[in-house]
Amino acid sequence: MKSEFLKYQAQTTPHPLAMEISHAKGSYIYDTKGKSYLDFVAGVSACGLGHSHPKVVTAVKEQLDKYLHVMVYGEYIQKPALELTKLLAKHLPAPLESTYLVNSGTEAIEGSLKLARRFTGRSEIIAAKNAYHGNTLGSLSLMDYEERKQPFLPLIPDIKHIEFNAISDLEKITDKTAAVILETIQGGAGFIEPTDNYLNKVQQRCNAVGAVFILDEIQPGIGRTGKLFGFENYNCQPNIVVTGKGLGGGLPIGAFTASKQMMDCLSDNPKLGHITTFGGNPVVAAAALANLKEITESQLIPETLEKEQLIRKHLQHKHIKEIRGRGLMLAAITENEALTSKVILQAQDQGLILFWLLFEPKAIRITPPLTISNEEIIEGCHLITSILDKI
């Protein structure tokens with residue numbers, strides 16, 4: 001299939017990995033030659049329950065027998081979407097109770113930016129340097145990486161940047177600021193955690209000047225960091241929380257949640273202030289609901305911290321300089337970019353899926369399913385260290 005894949009399906013890099021997939025189950029992906037690969041990436045943090053989890057598959061099959069798409073978002077009452085948004089509200093602090101369901105994380109970012117501008121009547125958006133919120137024009141505009149932005153200029157105006165974890169930069173948040181948008185843990189930058197009560201101080205500054213505080217939980221959200229939402233680790237609460245990836249159980253989804261008062265701004269003046277055809281799709285919502293129930297009703301969330309310690313214990317090597325992150329959102333930092341790429345590519349050859357991070361070339365992404373077993377963790381870590389030994 002490779003030649004047809006390269007000819008007919010648009011590519012994102014000149015040299016895609018091009019593994020031919022047969023099926024996937026649990027912690028493993030299988031290629032068309034029958035080879036198994038232990039998955040330490042989980043679809044880039046999207047498959048929290050692993051591949052083809054039976055409860056997610058059952059929910060999808062049951063919904064398929066009832067109905068598929070019936071109407072654009074927000075017009076008809078569809079039980080899967082309603083139950084999903086109710087469950088999100090149950091697990092979020094007040095007044096975060098109204099959720100807008102969309103098709104991807106970057107679409108949810110777009111909606112959150114529109115909501116903040118509409119609610120405040122201001123235009124200035126402040127984002128962090130080295131942030132990644134997606135690749136649509138609005139999300140791309142939040143990036144400070146000029147090399148990635150230049151080919152697509154002009155982007156949306158009135159974007160400013162602050163240094164993540166730099167308290168002195170908070171004075172740049174003023175009464176002209178509509179919103180400050182941050183990743184709870186900076187993903188593409190190398191899984192950088194907030195320090196010195198940073199997110200709480202951002203929240204206080206936003207409150208003082210009337211700006212909306214948006215937290216991007218697309219990667220750390222839905223149980224990956226020892227809490228259902230990453231921000232619960234850092235003594236803060238956003239005005240808008242954005243989720244995606246791990247919410248869908250392997251199906252495409254995004255969501256942004258705010259107070260009912262704030263979210264109502266998108267329903268009038270103008271009507272249809274934000275609209276999507278397939279957001280809240282009943283099959284996707286059924287999968288997400290089953291996924292969220294299993295994660296919140298099991299011991300998977302606290303177990304992520306135990307599994308983190310197991311990874312840190314078994315991934316010690318002279319060529320690994322540090323392991324960043326929390327829970328099962330980890331990045332092993334090697335000495336240089338070339339070494340990282342060798343490990344990732346050789347690991348795939350030997351049946352272990354690893355991946356890169358966007359802006360930190362020395363990082364090896366380690367974001368396995370929350371359901372991964374201790375034995376599978378040890379197996380994967382030992383394979384990494386054996387590759388490093390040989391290199």
Side-chain angles (χ1 to χ4, degrees), residues 10-14 44-46 102-117 122-166 168-170 172-174 176-194 198-199 202 206 211-221 230-231 238-245 254-256 324-325 329 331 333 337 340 355-363 365 367:
Q11 307 300 313
T12 55
T13 68
V44 189
S45 304
V102 290
N103 305 285
S104 67
T106 191
E107 187 184 340
I109 293 293
E110 300 282 341
S112 71
L113 298 179
K114 289 173 65 178
L115 178 57
R117 283 183 165 180
R122 305 171 184 176
S123 62
E124 179 182 272
I125 306 291
I126 294 179
K129 297 176 183 178
N130 293 320
Y132 178 75
H133 299 284
N135 259 288
T136 47
L137 282 177
S139 298
L140 185 63
S141 302
L142 301 173
M143 198 182 292
D144 73 321
Y145 194 178
E146 293 304 319
E147 178 184 335
R148 287 179 116 18
K149 292 164 61 175
Q150 188 64 37
F152 308 106
L153 298 178
L155 301 177
I156 67 170
D158 221 357
I159 307 293
K160 295 183 179 179
H161 293 95
I162 57 177
E163 193 80 40
F164 194 77
N165 278 330
S168 59
D169 272 5
L170 300 188
K172 297 178 182 179
I173 305 169
T174 71
K176 295 181 180 179
T177 305
V180 177
I181 180 167
L182 301 171
E183 298 162 273
T184 305
I185 298 174
Q186 283 203 302
F191 290 5
I192 308 299
E193 288 192 80
Y198 175 68
L199 294 181
V202 175
C206 287
V212 173
F213 182 30
I214 305 171
L215 277 180
D216 178 344
E217 287 269 338
I218 294 169
Q219 284 205 72
F231 70 81
N239 302 113
I240 304 175
V241 58
V242 179
T243 50
K245 287 189 182 295
F256 57 105
R324 297 178 188 160
M329 183 178 175
I333 310 299
E337 178 179 357
T340 287
F355 210 61
W356 295 266
L357 295 185
L358 191 61
F359 301 137
E360 175 46 85
K362 299 189 297 295
R365 171 188 284 274
T367 56

* **Value rounded to 0.5 Å, distance of OG1 in Thr136 from CG in Leu142** => 8.5 Å

* Asked: Backbone N or O of Thr177 within a donor-acceptor pair of the Arg122 side chain at under 3.5 Å?
  -> yes

* Asked: Where do Tyr198 and Leu182 land on the side chain to side chain contact (heavy atoms under 4.5 Å, CB included) test, with the steps shown first?
  -> CA-CA 11 Å; Tyr198 175 68; Leu182 301 171; 3.9 Å; yes

* **Heavy-atom side-chain contact between Trp356 and Pro361 under 4.5 Å** => no

* Asked: Where is the tightest heavy-atom contact between Arg148 and Leu358, given as atom of each residue plus distance?
  -> NH2-CD1, 2.9 Å

* Value rounded to 0.5 Å, distance of CD1 in Ile125 from CD1 in Ile214 -> 6.0 Å

* Asked: Which heavy atom of Leu357 sits nearest a heavy atom of Gly190, and at what distance?
  -> CD1-CA, 3.5 Å

* Measure from the side-chain N and O atoms of Ser141 to the backbone N and O of Leu137, and report whether any donor-acceptor pair falls under 3.5 Å. => yes

* Enter the distance from Lys172:NZ to Glu124:CD here, rounded to the nearest 0.5 Å. => 11.0 Å

* **More than 12 heavy atoms of other groups within 6.0 Å of Gln11 CD** => yes

* Asked: Between Ala116 and Val212, what is the shortest heavy-atom contact and its length?
  -> CB-CB, 4.1 Å

* Asked: Does the pair Glu360/Lys362 count as a salt bridge with the N-to-O cut at 4.0 Å?
  -> yes

* Asked: Would Glu110 and Phe256 satisfy side chain to side chain contact (heavy atoms under 4.5 Å, CB included), going step by step from the backbone distance to the final call?
  -> CA-CA 10 Å; Glu110 300 282 341; Phe256 57 105; over 6 Å; no

* Close side-chain approach of Leu113 to Ile181, heavy-atom, < 4.5 Å -> yes

* Evaluate the side chain to side chain contact (heavy atoms under 4.5 Å, CB included) criterion for residues Ile109 and Asp216: first the C-alpha distance (whole Å), next the side-chain angles of each, then the deciding distance (0.1 Å), finally the verdict. => CA-CA 8 Å; Ile109 293 293; Asp216 178 344; 3.7 Å; yes

* **Exercise: identify the closest heavy-atom pair between Thr340 and Ala363** => CG2-O, 3.3 Å

* **Under 3.5 Å: donor-acceptor pair, side chain of Asn165, backbone of Glu193** => yes

* Asked: Which is it for Leu199 and Leu215 under the side chain to side chain contact (heavy atoms under 4.5 Å, CB included) test, yes or no, and what are the steps along the way?
  -> CA-CA 9 Å; Leu199 294 181; Leu215 277 180; 4.3 Å; yes

* Structure fact -> On a heavy-atom basis, the closest approach of Ala108 and Gly254 is CB-C, 4.2 Å

* **Main-chain N/O of Tyr132 paired with Glu183 side-chain donor or acceptor, under 3.5 Å** => yes

* Examine the side chains of His161 and Asp144 and answer whether a donor and an acceptor come within less than 3.5 Å of each other. => no

* Asked: Is the closest basic N to carboxylate O distance between Glu163 and Lys129 below 4.0 Å?
  -> yes

* To do: Without swapping roles, check the side chain of Lys149 against the backbone of Met143 for a donor-acceptor pair under 3.5 Å.
  => yes

* Do Arg117 and Asp158 touch side chain to side chain, with heavy atoms closer than 4.5 Å? -> yes

* To do: For Glu217 and Gly230, indicate whether the former's side chain and the latter's backbone hold a donor-acceptor pair under 3.5 Å.
  => yes

* Test item: Ser45 and Arg365 side chains (from C-beta on) under 4.5 Å apart, heavy atoms -> yes

* Between Glu107 (side chain) and Asn103 (backbone), is there a donor-acceptor pair under 3.5 Å? -> yes

* **Whether Asn239 side chain and Phe213 backbone form a donor-acceptor pair below 3.5 Å** => yes

* Is Phe191 close to Ile333 at the side-chain level, that is, under 4.5 Å between some pair of heavy atoms? -> no

* Side chain to side chain, Val242 and Ile218, heavy atoms closer than 4.5 Å -> yes

* To do: Return the minimal non-hydrogen interatomic distance between Ala211 and Ile173, and the atom names on each side.
  => CB-CG2, 4.4 Å

